[in-house]
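Just so it is clear, the model here is predicted, and its values are computed rather than measured. One-based numbering, in listed order, for ligands and for the atoms of each.
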Amino acid sequence: MVRETKRRRSSAEKPIVVPVTRDDTMPVDEDLVVEESQCAALKPFAKLVGVRRGISSIDLADDHFVCGRGSHDAPTNFNFSTVAEDVGLYKFISKIQFSIDRDTETRRIYLHDHSRNGTLVNHEMIGKGLSRELMNGDLISIAIPALIIFVYERADDNHHPEELTNKYHVTSHLLGKGGFGKVLLGYKKSDRSVVAIKQLNTQFSTRCSRAIAKTRDIQNEVEVMKKLSHPNIVAIYDCITVAKYSYMVIEYVGGGEFFSKLVDSKYNQMGLGESLGKYFAFQLIDAVLYLHSVGICHRDIKPENILCSNKAERCILKLTDFGMAKNSVNRMKTHCGTPSYCAPEIVANQGVEYTPKVDIWSLGCVLFITFSGYPPFSEEYTDLKMDEQVLTGRLFFHEQWHRITDETQNMIQWMLTVEPLIRPSAVELMSTQWMKCADCLSAKQDILKSIQPISAAPAALQTTQAGPV
Ligand SMILES: Nc1ncnc2c1ncn2[C@@H]1O[C@H](COP(=O)(O)OP(=O)(O)OP(=O)(O)O)[C@@H](O)[C@H]1O
C-alpha cells in the first residue's frame, strides 16, 4: 500500500532548487602540469597523483623537482598555495619539503627529505637529509602518516604484473578514475572479450568511509560481486592481487555513469520524465530486489555508482561499486554511504542496527532526481542542515513534478519514508501496479535482449592494441 502523506508544495519560502552535484568525489582528475613549457618538450616519466582536496596531480618530467611552501630564497616547482587554507596540512609543510630526483645514469627515482617535520613514504619517516627510492604506488605523506598527499605513479603503462598480463591485455585507455585507483580498458586474451580492469591501490583510500582501507575491504567487494549474477549488476570475472595493487577484472559497461545522463543538458534540469523514469526505475528496483534476495545490502546506491550500457536514451543500467556492500544483512551498524543518499536511520547514528531498507531510501533519492532533475537532500538547501532534512524527511515538490503522475510521486515519497518499517521493501515495490506499466515491460524485454554472449573486442582494439596472445 502506498501511504499518502502530506506533501509540501513550492512556496515563496521554499529553498531554491539546487543542481545535482557529484558527492564524495575526489578531484584526482585535474592534471596540473607544472612548468608547462618544459613538460611539453619532455615526456613525463612519472606522476604525483594528488589525493588531498585542492592538490592536483603533477607530471614529473625534469630530473629535479622541488616541492614545498617555497619563498623567494627557496623556489619550488610546486608550492602548495592551493591548500593554504587547509591549515591542518599547510602548517606542517616546510619551505622545501622534499625533492624528487632522477638518477641520470640508472634512471631510478629518489625522494630526498628536506623537512624538519619530515616526509613519509608508505607511512615510514624518511628524515631530513635522507633519501629513499620511490616505487610505483608509493604513498607520500607529510609529517604524520595520516597526511597523505600524493601517490607516486610511474608513467609507463607496461608495469602491470605478469599474473595479470598472462591472461589479459591491458590497454592504456583510461575509462575513469576513482578514489582507490583507475579503471582501464582491456580484453581477455583467451576470447578477446572486452573487460574493464579496475586497478586499486590496496594501501589507502581517499574516501572517508574507506579511510582505513585494507586488502580485506577489496576482498569483501570481490566476494560480494562473485556471489552476484544479474543483468542490472556489473559482473566480476577475476581479481588478481600483486604487491600494492589489486586488479579487479569486471564487465565493461560503455555508456558512462547514470549521473551524466541525469545532468545532461538536453533534460534541462527537469528530470527524465515519467516514461523514461519508469523505464529506469524498473531496472534499479529489480537489481535491488535481487541483491536483497541473496542477502546483500549495497549501502552506497547513488547515480555515480550506476553505469549505462551505452549512450542510447533507453539503455540498460548496471549497479556497480560494491566496496561498502554487506554480505550478511544482519547486524549492520556501520555509519557509511554518501551523505545526501544516506537513510535517516544511518544518519541518526545511534548504534542501532539497520536493515536493507537503507538501500530503498538511497534508491528513492536516485529516483527523485531521475523524475525531477534536482536532489531531495543537499548541503546547498539553506532551510535546514542536511542531517535534519534527512531525519525529518522534508521534501519539496517543485514544478518539475507537474508532469509526473501522482502515482509516481507517491511511490517516491513512500521510498523516502523516514520510518524504515513503513518504507517499502523491494518486493513490495515490484508488486505494485506502478511496476506493471508498458515502460516497465519494455525495460524487461530490453534487459532480456541484452543478455547475450560477451561481445568480442572491437576490431580497432584487436589490431592496434593487441599484444601476442
Ligand atoms: N565496468 C566499467 N566499465 C566501464 N567504465 C567503468 C567501469 N567501472 C568504472 N568505470 C569508469 O571508471 C570510473 C571510476 O570507477 P570507480 O568504480 O573506480 O569509481 P568510484 O566509484 O569513484 O571509485 P571508488 O571505488 O573509490 O568508489 C567510473 O566513473 C566509470 O567512468
Side-chain angles (χ1 to χ4, degrees), residues 20-30 49 51-53 148 151 168 170-188 193-222 224-225 228 230-239 245-264 287 298-311 315-325 336-339 341-342 362 366 450 454-455 457-458 461:
V20 183
T21 51
R22 286 186 155 273
D23 217 338
D24 192 20
T25 307
M26 273 295 299
V28 288
D29 230 45
E30 318 139 24
V49 180
V51 292
R52 198 169 167 100
R53 208 165 283 279
I148 301 169
V151 177
Y168 304 96
V170 189
T171 77
S172 54
H173 181 79
L174 188 67
L175 295 171
K177 281 187 177 180
F180 256 94
K182 55 190 171 186
V183 184
L184 296 166
L185 183 75
Y187 66 85
K188 268 187 214 164
S193 57
V194 183
V195 292
I197 299 175
K198 193 165 169 175
Q199 180 189 317
L200 306 161
N201 188 323
T202 57
Q203 289 196 305
F204 87 111
S205 162
T206 54
R207 293 171 18 155
C208 55
S209 43
R210 284 186 181 171
I212 46 163
K214 296 277 186 295
T215 314
R216 214 193 74 232
D217 191 20
I218 294 167
Q219 271 171 359
N220 172 61
E221 185 168 356
V222 171
V224 166
M225 288 184 81
L228 305 173
H230 188 277
N232 294 112
I233 293 174
V234 171
I236 187 162
Y237 305 131
D238 209 346
C239 182
Y245 287 99
S246 280
Y247 299 84
M248 281 172 62
V249 182
I250 53 179
E251 177 183 7
Y252 169 67
V253 190
E257 292 176 1
F258 188 47
F259 179 89
S260 306
K261 195 181 261 299
L262 295 178
V263 297
D264 190 326
H298 186 283
R299 303 201 297 182
D300 197 18
I301 294 177
K302 57 179 176 177
E304 295 91 323
N305 287 341
I306 299 165
L307 298 175
C308 300
S309 59
N310 55 50
K311 295 283 181 199
C315 61
I316 303 302
L317 298 183
K318 306 234 175 207
L319 192 55
T320 188
D321 206 340
F322 288 79
M324 298 208 185
C336 62
T338 300
Y341 298 90
C342 211
S362 307
V366 172
S450 77
I454 305 155
S455 62
L461 189 67

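Note: an N/O pair closer than 3.5 Å links Lys198 and ligand 1 by distance alone.
Looking at every heavy atom in both residues, Ile306 comes nearest to Thr320 through N-CG2, 4.5 Å. For the residue pair Ser362 and Ile301, the shortest heavy atom distance occurs at CB-O, 3.5 Å.
Checking side-chain atoms of Lys311 against main-chain N and O of Gly255 turns up a donor-acceptor pair under 3.5 Å. Listed for the Asn305 side chain is a donor-acceptor partner under 3.5 Å among the backbone atoms of Asp300. Put simply, the side chain of Lys182 never gets that close to the backbone of Gly176: no donor and acceptor are under 3.5 Å apart.
Counting heavy atoms only, Ala196 comes closest to atom 2 (C) of ligand 1 of the residues Ser260, Cys308, Gly255, Ala196. Counting only non-hydrogen atoms, the option in Asp321, Val234, Val253 that gets closest to atom 4 (C) of ligand 1 is Val253. The closest heavy-atom contact to atom 7 (C) of ligand 1, among the options Leu174, Asn305, Leu307, Leu175, comes from Leu307.
Counting atoms of ligand 1 from 1 in the listed order, those under 4.0 Å from a heavy atom of Glu257 are 28 (C), 29 (O). Residue Glu251 has at least one heavy-atom neighbour below 4.0 Å for each of these atoms of ligand 1: 1 (N), 2 (C), 3 (N). Every atom of ligand 1 is numbered from 1 in the order shown, and the set under 4.0 Å from a heavy atom of Ile250 is 1 (N). For ligand 1 and Lys177, the ligand atoms under 4.0 Å from any heavy atom of the residue are 13 (C), 14 (C).
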Passes side chain to side chain contact (heavy atoms under 4.5 Å, CB included), Cys308 versus Asn310? Steps please. CA-CA 5 Å; Cys308 300; Asn310 55 50; over 6 Å; no
